[in-house]
Every structure is written in C-alpha cells, then in structure tokens.
Amino acid sequence: MADPRTDAAFLTRNAAAAQPAGALEERLGQAAKDGRQLRVKLGIDPTAPDVHLGHVVVLQKLREFQDLGHRVVLIIGDYTARVGDPSGRSATRPVLTGEEIDRNALTYQEQALRVLDDAPDRLEVRRNGEWLDMGMDAFLTLARIPKVAQLLERDDFAKRYAGGKPISLLEFVYPLLQGYDSVAVESDVELGGTDQTFNLLFGRDVQRAEGRPEQTVLTMPLLVGTDGVQKMSKSLGNHIGITEPAEEIFGRTMRIPDELIDPWSDLLGVDLPGTPGDDPRGRKRALARGLCDRFAGEGEGDRAQAAFDRLFKDRAIPDDIPVHELGGEDDVHLPALLADAFGVSRSEGRRAITQGGVRIDGEPWPQDVLDVGVDRLDGVVLQLGKRRFARLVVPAPA
RNA sequence: GGGGGGAUGUCCGAGUGGUUAAAGGAGACGGGCUGUAAACCCGUUGGCUCUGCCUACACAGGUUCGAAUCCUGUUCCCCCCA
C-alpha cells in the first residue's frame, strides 16, 4: 500500500498518460515520506449536470487516489462556466446564467458522490469563483503567461483555425483560468480526459510562473459512447447517465458495439468473466449487470436482465409500463394518440402505423386503420416499435 | 478602415428564376435477420383534419405570373490587405 512504485503502477494501469514520466511515483514517494496526502485536482464544468459513464472514468480514478489515502479537490467551475471550455469542441459553447450553474453544480456534486468517498479528509469541494473573481491588474499579470503560438498549437484550436471556424479570445483565456485553479488549490496532481491534456499541462506553466511546484498530470482515455464512434457526451446523445433506471442502463449497454466491451470494462472498473474476444454476448450481459449493480443498486443487474429477457427473448410485454389516460372522445385518431403517449409527431405516428410498427396487446395493428373506437382501447397495451409501451385507460365517466 | 466570400432540412452538403418539401451522404425511425452487437435487405425521415392543405432554404422588404435562386436593407461568420 505504501509502496510508491506499486501505487503508481496501479494508478497508471489504465491511464492514457502520466506526465512528466516518473513524476507520479516520485510524488507518491515524497508524500509518503512527508506523511502528507497528495492533493488531486479535478475541475468540472457545471454546464451539463448529469454525470454519465464518461465522467465515471475520471471519477473512478479519483476514487482510487482516495482509497490510497489521498485527498481529492473537486473544483466546481462556476466562474469558468461563464467562459466556456472549448476542449474537444468544434464550436463556441453557450454561456450559462448564475442560477443554472448553481443548480447544475449541486446535481453534479450529488451524483459524483456515488463514485467518490465523501469523508471529510478525503474530499474538498471548491468553487473557482472564490479566486478567479480577481482585479484587472492581477488578470493582466496572468495574461503574460500564455503565448499565442502555444495556444494555437493546441489540437482543437489548430483545427478550428485551419477550418475557418471561429475561436473567441474568451476561449483562449480558458486554459489560463484553469491553470490558475491549480495555483489556488495547490494541486499535486490533476486529472482529466485526454482531451484535457493541453489545459492540464498548461496548469504547470501557470504554477511555474507563480513560483509554485508544478503538478503531475494524469490523463484517462476517453470513453467511447454508445454509438461506438464518438466520445461519450450528453450533447451527442450517446451517453448513459448513472442515475438512469436499471432497465435503461442494461438495455443501452446491450446495444453498444462489441468492440467497446473491453474498453468499458477496463475504464469503468467492471470485471468480466472469460477472456476478451470470447462470448461477446455473455460478457456484454455481465458488463450491463455490473453497471446496473453499481449505479442502480446491488441486485439491480439481475433484475434488469430478467426484465430484458422477458421483453426481447420472450417478446413479452414488460410489467412496469407507464399508463396513458385517454380523452373523452368516442373515436380515437391513432396518430394523435401515439403523439400524446410517446412524444412523437402525428406524422411520425402515422408513418409507424403504415409501416407496421404499432401493436395493440402485442398484436400487429393493421397498417391501413388510423381510427378506432375508444371501447376497443380500454386497458390495452399500445406499443410503438420494439421498446415503447403505454397502457391505455379510459377514465370512468364522472 | 478597404476588398472578397459565405449563411440551405437533425448534421454534412448539392442546387443560381418554374417539373424543389428541395439531389447525395450521415444520423435517426419502422420492418426483416439477430445477440436490442456487427454486417446485410426493405421502407420512411417538416407539419397537418393527408389522393389535399400549410409552413420552410439567416432576418425584413421588393421585382416577377412564379424566387432557396434576382434586387435592397439588417444580423452573424470566414478570408485577404491595412
């Protein structure tokens, strides 16, 4: 446990990079000798409050530091959220209002604690508004540090610049502010995804300029989203949130491409039976169960899997489905009903019917029938496609 | 400050007066096959009270029998020169 070499190897086993080389082990050794905790920083941007599996990769790594006795410093970027982090973005980010930031930060914190240890000596939560709300003179002093050429080398800036896409000065300033966070909290180590590499390394420059020891940078590979192509991100809609119901986590995990099974298992810390490449279906089911147990609660994995099998193997109707109340009309226009029940447009509903995608109580609905008497619908299960269900009820006359 | 270029549907991207709800691709959705994977096949993809109607090609106005396409103004973006 106290062997720095073992600890460093453990911490970097699934990391993308630890920079500079060997620095992590050295720090761990120094900390052990001085009998103090390392301060491990993670800055989070409170623009997207819901924590998803992509965030878990880094949170999980923080947790490992905590379990080795170190202290995590979580920085809520309430001030920097007004700037907008350009990392990995091809366009300028929207700016949030103060209330949105507060709300998001709270939600995030709450959810992050499902992964992190919140013991008082293991977790410190700060907001960078504490120190970034500085005067112009202080800011201008900081502004000497970054060089334009250096900023332009950064991958996403370079791409945008070459592609004729806009980059605002505000975005240029972002790394500087994030770097100053490291000065303010005296971080020993900063974590982030590989897309954060530039910002994290730049933090070292700021620390050096301020006469502080430079932090070690540990980057984690980006978790590929459920589409199997792009990094997991809420705005791309390829994410799985850790507060989602077990059925959802299970089902969406089952839809990931096979190539993702091992990276996910590795980065999210879910152990799988068998060897990589073998029995992808079985391993994927184990992965899905593991994620459910971890985020929805112990035992949820088996439960979700059973529900999943009922639905897709037996093609049965799930037992826990939302109830949709019908209005008072005698005749129901099916496209309108589908629109109300499932949040699609009436045209989409109509299309689904004419393409044979609608079922009533599991029986395919005739493709040319768009209207039906309300008496035919009381208590039945309306189904759109393979996985959208609603139980219909006709309210008793008052 | 001067000059040039651009803004099209979820995204990318054709289209420079009529046969354009707008080629093509991606994505998505429905069906088939299946392991709710991949690959593959078929269909759909602005809305609606649907053999028709309405709204759409940055925004506002104009020319025309007719405009995404022409003109004027506005907003935003990019490039070059200073």
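First the proteins, then the strands, lettered A, B, ... as listed; each starts at 1. No hydrogens, no waters, no symmetry mates; every other heavy atom, side chains included, goes into these values.
Residue order along RNA chain B, read from the 5' end via each residue's closest nucleotide, puts A:L384 first among A:R346 and A:L384. If A:L311 and A:K386 are placed on RNA chain B by their nearest nucleotide, the residue sitting closer to the 5' end is A:K386.
If you take atom C1' in B:rG32 and the same atom in B:rU16, they sit 43 Å apart, rounded to whole Å. B:rC48 and B:rU10: their P atoms are spaced 14 Å apart (whole Å). Taking the P atom of each, B:rA60 and B:rC41 are spaced 43 Å apart, rounded to whole Å. Rounded to a whole angstrom, the distance from the C1' atom of B:rU49 to that of B:rG30 is 24 Å. Across B:rG5 and B:rA67, the matching C1' atoms stand 22 Å from one another, rounded to whole Å. Rounded to whole Å, the separation between the C1' atoms of B:rU63 and B:rU72 comes to 11 Å. B:rA58 and B:rG52 have their C1' atoms separated by 31 Å, with the value rounded to a whole Å. B:rA82 and B:rG17: their P atoms are spaced 38 Å apart (whole Å).
Across all strands shown, B:rA67 forms no Watson-Crick or G-U wobble pair with both key distances under 3.5 Å. The partner of B:rG43, taking Watson-Crick or G-U wobble pairs whose two distances both stay under 3.5 Å, is B:rC29. Pairing partner, B:rA60: B:rU72, with both Watson-Crick or wobble hydrogen-bond distances short of 3.5 Å.
For A:M254 and B:rG35, the CE to P distance is 11 Å, given to the nearest whole Å. A:I353 has its CD1 atom 17 Å from the P atom of B:rU44, to the nearest Å. Following rounding to the nearest Å, A:F312 (CZ) and B:rU34 (C1') show an atom-to-atom distance of 13 Å. Note: CG (A:L370) to P (B:rU51) measures 11 Å, nearest angstrom. Atom pair A:R351:CZ and B:rG46:C1' shows a separation of 9 Å (rounding to whole Å applied). Remark: P of B:rG35 and CD of A:E259 are 18 Å apart, rounded to the nearest angstrom. Rounded to whole angstrom, the span from the NZ atom of A:K313 across to the C1' atom of B:rC33 amounts to 18 Å. Rounded to an integer number of Å, the gap from CG of A:L260 to P of B:rA38 is 11 Å.
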Tabulate protein N/O versus nucleotide N/O from nucleotides 27-29 of chain B, keeping only pairs under 3.5 Å, one per line.
unit_1 : atom_1 : unit_2 : atom_2 : d
B:rC29 : O3'    : A:R388 : NH2    : 3.2

Scan nucleotides 24-26 of chain B against the protein and return all N/O pairs shorter than 3.5 Å with their distances rounded to 0.1 Å.
none

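Closest approach of A:G301 and A:D293 over heavy atoms only: N-OD1, 2.9 Å. When all heavy atoms are compared, the tightest approach of A:D309 to A:R285 is OD2-NH2, 2.8 Å.
A salt bridge between A:E300 and A:R294 is absent, with no side-chain N of the basic residue lying under 4.0 Å from a carboxylate O of the acidic one. A salt bridge does not link A:D181 with A:R126: none of the charged nitrogens is closer than 4.0 Å to a carboxylate oxygen. No salt bridge links A:E348 with A:R351; every basic N to acidic carboxylate O contact stays at or beyond 4.0 Å. Under 4.0 Å is where a charged nitrogen must lie from a carboxylate oxygen, and between A:K147 and A:D205 no such pair does. A salt bridge is absent between A:R127 and A:D133; no separation between the charged side-chain nitrogens and carboxylate oxygens falls under 4.0 Å.
Proximity of residues 273-300 of chain A to RNA chain B (heavy atom under 4.0 angstrom from any strand atom) is restricted to A:P280, A:R281, A:K284. Within residues 332-345 of chain A, the residues approached by RNA chain B to less than 4.0 Å at the level of any non-hydrogen atom are A:S345, in residue-number order.
Here A:R122 pairs with nothing under the salt bridge (Lys or Arg N to Asp or Glu O under 4.0 Å) rule; sequence neighbours left out. Partners of A:D188 according to the salt bridge (Lys or Arg N to Asp or Glu O under 4.0 Å) rule, which considers only residues two or more places apart in sequence or in another chain, are A:R27, A:R36.
The number of heavy-atom neighbours closer than 6.0 Å to CG of A:D34, taken from other residues, nucleotides and ligands shown, is above 12. Counting heavy atoms of neighbouring residues, nucleotides and ligands inside a 6.0 Å radius, atom CG of A:D278 exceeds 12 of them. The number of heavy-atom neighbours closer than 6.0 Å to CZ of A:R13, taken from other residues, nucleotides and ligands shown, is above 12. The environment of CD in A:E26 is sparse: at most 12 heavy-atom neighbours from other residues, nucleotides or ligands sit within 6.0 Å.
Note on A:G356: only backbone sugar-phosphate atoms sit closer than 4.0 angstrom, heavy atoms only; bases stay farther off.
There is no side-chain donor-acceptor pair under 3.5 Å between A:Q207 and A:S182. Checked by atom type, the side-chain pair A:E190/A:Q178 shows a donor-acceptor distance below 3.5 Å.
Residue A:L200 is not grouped with residue A:L74 when hydrophobic side chains (ILVMFWY) are merged at heavy-atom distances under 4.5 angstrom, including chains of intermediate members.
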